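Not measured: the values here are computed from a predicted model.
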Amino acid sequence: MAINSSLAPRAPPAILSPLMSGFRLFDLNPEQERAVRTTEGPLLILAGAGTGKTRVITARVAFLIAQGVDPAQILAVTFTNKAAKEMRERLAKLVAPEQAKPVTMSTFHALCVRVLRQDIDKLGYKRNFSIYDEGDTTGLIKKIITRTAAKDEKLEANVAKSLISKAKGNGWSEVTPGDEQSLAAAVFAKYQQELKTMNAVDFDDLLLLTYKLLTEHAAVREKWQRKFRYLMVDEFQDTNRLQLELVTNLADARQNVAVVGDDDQSIYGWRGAEVSNILEFEAHFPNPTVVKLEQNYRSTNAILGTANALIKNNPRRRPKQLWSAHEGGAKVRVIGMSDDRQEADFITSEIAQRAVTEGAKHEDFAVLFRMNAQSRMVETHLRELHIPYRVVGGSSFFDAREIKDLLAYASVLLNADDDVSLLRIINTPARGIGPSVVERATELSVHKRCSVFAALQDGEFRSGLSKRAAEALAAFTGFLDAWETKLNTPLSKQAEVLRAFIGETGYLADLKRSCKTQDEGLKRENKVVEMIRWFEDDEEAKGKSLRDFLDDMMLREEKEEDEESKGSGVTLITLHAAKGLEFPHVYLIGLEEGLLPHDRSKMEGTVDEERRLLYVGITRARQTLALTWCGHRIKYGSPMPGTASSFIKELPAEWVEHKNATQMLNAPVAAETVKGKFGALRALLENTPS
DNA sequence: TGCTTTATAGTTTTT
DNA sequence: CTATAAAGCA
């Protein structure tokens, strides 16, 4: 996110000379400059919240280029596409386009796809492997569980999935011990074997198989070590063991590995992130240069003092002390509420009030919470006051049925062994291949350890079918074959082939028929058409193949922004999703024992991570921060009593003031009055074009 | 096939 | 309470 944009003058647009003369270090502070200038050997940059991390990374890449490093030999790895994109945009402002373009800036996963598409055959997969997303893998695991579990055995698909994911993230096979260990282990083994017969990989496999490739095939490892001479890893505190291993294996003897991260912001331990990667960095990369970035360009000292005091209570961490050249700022308010209704009412009416009295914009405010369910009450109250808002997170563009169907069709063309996709579309629209045929084919595929498509081709299988079914099946497989050939004809425009193929399937007509309203049908159809056009653009502009495009789609999160509320309004967001963002005014709600820290964290012994979560929340605020807790909260329909979070006791008296909402609501302006005034003002504003 | 009823469980989430 | 998934029904 935009770190310190208000303070920093824009950097000069181009590097004047590859030599040091003329190269300005963009007004970096001494620590930042040291991080940028340290180009050789391992480097650990401990970048506290709001200390200009992204700036340092991009400046360092620019510096490397100015030093004469070939841009193509620089690799910067991030966690999200968004971060990679942002970094690329920032770099584009520091160096010439022809220097920026060859730099590799990608996520771990995208990088691994690149490696695997070249050499995965060395591991017994085919190079046209499919990538399965969360939904695909959950479905697969579910099926395997029902097939494997005895009647008295129970195993939740999500539990199994997380066990499998963690096992893979740690390198390989050991499934964490537990009561269902044997079943989970069996499911794991079957799952992995089935993925392979389908020539498919999941997200974890992307990392795992790349790791295998690099460690077991020296030639491949050396190829990539030669390619990348300077490595940078962002958000290093979020890496798991496998990702650390990948970095280790990509680095050659020179060990030019620069990692950037903040152990205090490690909040993804529950999904396999290893804080020890950053805490014990020296063990993995001996004698590193260590740089601490502690000057914060985001928040007031009241906010930073509060954050510092809180996080000091964590035992395993690298000591850091954020400070700011800004004023002390307003004290952090800790406000006790009677219940969650009052909490929401207080926050929303105060936002309404401050919009008037302080002239603050709605998008300056954010409400942060531990659980998504907490947003509801706030939403209701915001709607009542006609305050625009956006809820971050939510459903993805790619969750839409029609998009999944389209991607499945495309995937089957490229890899017919992809059962998950094949089964998705085999009878959509209905083409006479009913559930019984599909079931028998699936059974045979399990028995013969082949893909469903291969099972469908089996002569014996076909002769066992009714004449009608056999004909329908032959028509379908022939159809796929024909279009596969067309797609792979050299010089053919794949987007056009795909469009014609989808047309021929009759999918769109079927889609529209299944919709209740015509309007909905058109919208859905439009999505499909749009996506094909999107591919067409990529094919023409960037020369992407359908496979490239599918890879991009599978590895992209891209939450769908609500079209009307895009860009404006109060932000409602979970603490996890808020990492990396900043807002002038933050309300952090639900600071109750059991919610933050969450009850489950106590059982799991991860209260430290909950503290970091609160720390992340606090450090999102630029100017003002309010923390609230409730004496009662509606849980599962009925109000449950609650007490203030134990974290509140850890906050420093110097920077914090304690209040209670009943006084505040009654004292200056009654909430109703504010509502009325604001409503009138708003009506006025709405008649004025903005 | 597609719909309504019933049971069940209930952090955090990117790739 | 409410979202979701499986089961039951037309």
Would you say a side-chain N or O of [X] is under 4.0 Å from OP1 or OP2 of [N]?
| X | N | value |
| --- | --- | --- |
| A/N372 | B/dG10 | no |
| A/R376 | C/dA3 | yes |
| A/T574 | B/dT11 | no |

Which part of the nucleic acid, if any, lies within reach of [X] when heavy atoms closer than 4.0 Å are counted: base, sugar-phosphate only, or nothing?
| X | value |
| --- | --- |
| A/E604 | base |
| A/D599 | nothing |
| A/F79 | sugar-phosphate |

Problem set entry | C/dA5 to B/dT12 separation - C1' atoms, rounded to the nearest Å |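 About 22 Å, rounded to a whole number of Å.
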
For this session: Provide the distance between the two C1' atoms, one in C/dA6 and one in B/dT11, to the nearest whole Å.
Result: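 Going atom to atom, C1' in each nucleotide, I get 24 Å.
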
If we count only N and O atoms by modelled type, under 3.5 Å, do the side chains of [X] and [Y] hold a donor and an acceptor together?
| X | Y | result |
| --- | --- | --- |
| A/R370 | A/S645 | no |
| A/S411 | A/D418 | yes |
| A/D264 | A/N314 | no |
| A/D205 | A/Q192 | yes |

Exercise. Does the ring of A/W270 lie flat against the base of B/dT12, closer than 5.5 Å centre to centre with planes under 30°?
Worked result: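 Stack criterion met.
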
For this session: Answer yes or no as to whether B/dT12 has its base stacked against A/H576, where stacking requires a ring-centre separation under 5.5 angstrom and planes under 30 degrees apart.
Result: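 A stacking contact does not exist, since A/H576 is not both close and nearly parallel to the base ring of B/dT12.
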
When the distance from [atom1] of [X] to [atom2] of [N] is rounded to whole Å, what number comes out?
| X | N | atom1 | atom2 | answer |
| --- | --- | --- | --- | --- |
| A/D202 | B/dT15 | CG | C1' | 10 Å |
| A/K161 | B/dT13 | NZ | P | 14 Å |
| A/R401 | B/dG2 | CZ | P | 9 Å |
| A/Q237 | B/dT14 | CD | P | 16 Å |
| A/K166 | B/dT12 | NZ | P | 15 Å |
| A/R271 | B/dT12 | CZ | P | 13 Å |
| A/L614 | B/dT11 | CG | P | 20 Å |
| A/L368 | B/dT11 | CG | C1' | 15 Å |

Exercise. Would you say A/R341 has more than 12 foreign heavy atoms packed within less than 6.0 Å of its CZ?
Worked result: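 No - once you tally the heavy atoms of other residues, nucleotides and ligands closer than 6.0 Å, there are 12 at most.
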
For this session: Would you mind telling me which residue lines up with the more 5' stretch of DNA chain B, A/V392 or A/A430, judged by nearest nucleotide?
Result: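 It is A/A430, whose closest nucleotide lies nearer the 5' terminus.
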
Problem set entry | Closest-nucleotide ordering on DNA chain B, the 5'-leading residue of A/A577 and A/S514 |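 Looking at the nearest nucleotide for each, A/S514 comes out on the 5' side.
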
Problem set entry | Minimum-distance nucleotide (side-chain atoms of A/H109 versus B/dT15, B/dG10, B/dT13) |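 Selected nucleotide (nearest to the side chain): B/dT15.
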
Exercise. Given B/dT15, C/dC1, C/dA3, which nucleotide is nearest the side-chain atoms of A/N81?
Worked result: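 Of B/dT15, C/dC1, C/dA3, B/dT15 is nearest to the side chain of A/N81.
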
Exercise. Should the pair A/W534 and A/F549 be assigned to parallel (<30°), tilted (30 to 60°) or perpendicular (>60°) ring geometry?
Worked result: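 A/W534 vs A/F549 ring planes: perpendicular.
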
